[in-house]
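Data block below; observations after.
Numbers here simply count residues along the sequence, with the first being 1. When a ligand or atom number is given, it counts from 1 through the structure's own listing order.
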Amino acid sequence: MNIVRVDSYEEMSKAGARYIIDKIKANPKMTLGLATGSTPKGTYQYIIEDHKQNGTSYQQISTFNLDEYIGLSAEDPNSYHFYMKDLLFNHIDIPLNHTHIPNGDTVDKEEECVRYEVKVKEASIDLQILGIGANGHIGFNEPGTSFHSKTHVVALAESTREANARFFPSIDDVPKHAITMGIASIMASKEILLLVSGDAKSEALERLLSDQLPSEDFPASILKTHPRVTIIADNEALMSTGITR
Ligand code: GLP
């Protein structure tokens, strides 16, 4: 895993956007895997800024998001459908029919998982953007998820619901389930860019960068076996790892 150390959230966001934009310029038809949460928000802002200033085009880009809550409609401000439109898609020139997010608002969830997995596989993701949960989750793959998992329905860990409660009126409003790309689906991406910021992530990052062998009780540890992973992490996140440059 290639580690890029930066000073701050701002610098992580700029470096993340630069990394993605350079890949898009090299391959304007690429398939991009997208993440949500607080971490990539700044990266998306810089992508929008670059699109407005330099005209980088997303007309031929396709995107696949990692996950979506079950039970929230696409119009719900807490859904990842809403997040992606609000924070990225509405501000660049990507055709909305090139963007893909699991549908968490459907009756047959299992059918939706199969449909999404087939689409992801057909598309073949060139670059997957990832964040990491404090418990090592990637997408919504919580500790204990099989490394062989494909797109599936998950029960969210209480710690994840608590961590994400900040976006909802109260913890009771945080959905208990989600649809997520599986760990095997994520690992099939040709390349992975992991963004990590803040001291809340420092223990997770320390564990990821330690000598411990990959283990299903820490989902992100599988990334050690992927041939092309770049981690852009800020000082606070790298605090307890002993990496000083
Ligand atoms: C969320 C998302 C993940 C994200 C992670 C970290 O719940 N499902 O895709 O990477 O947890 O979130 P944040 O960036 O807000 O810390």
Side-chain atoms of residues 55-65: list all donor-acceptor pairs with protein atoms under 3.5 Å, sequence neighbours left out, distances to 0.1 Å.
residue : atom : partner : partner atom : Å
T56     : OG1  : D50     : OD2          : 2.6
S57     : OG   : Q59     : N            : 3.2
S57     : OG   : D93     : OD2          : 2.8

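Two residues are said to be in side-chain contact when any heavy atoms from C-beta on lie closer than 4.5 Å; H226 and I186 fail this criterion.
With hydrophobic clusters built from ILVMFWY side chains whose heavy atoms lie under 4.5 angstrom apart, L127 does not share a cluster with Y46.
In summary, E112 and K109 do not engage in a salt bridge, as defined by a charged side-chain N under 4.0 Å from a carboxylate O.
Proximity of the aromatic rings of F167 and Y69 is defined here by a centroid distance below 6.0 angstrom, and this criterion is not met.
Applying the side-chain contact (heavy atoms from CB on, under 4.5 Å) test between L193 and each of I231, N2, T230, L32 identifies T230 as the sole match.
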In a simple table, one pair per line, please give the protein and ligand 1 atom names for every N or O pair closer than 3.5 Å, along with the distance.
residue  : atom   : partner : partner atom : Å
ligand 1 : 7 (O)  : N164    : ND2          : 2.9
ligand 1 : 8 (N)  : D67     : OD2          : 2.9
ligand 1 : 8 (N)  : G139    : O            : 3.3
ligand 1 : 11 (O) : H137    : NE2          : 2.8
ligand 1 : 14 (O) : S38     : N            : 3.3
ligand 1 : 14 (O) : T39     : N            : 3.0
ligand 1 : 14 (O) : T39     : OG1          : 2.4
ligand 1 : 15 (O) : S38     : N            : 2.8
ligand 1 : 15 (O) : R166    : NH2          : 3.0
ligand 1 : 16 (O) : K201    : NZ           : 2.6

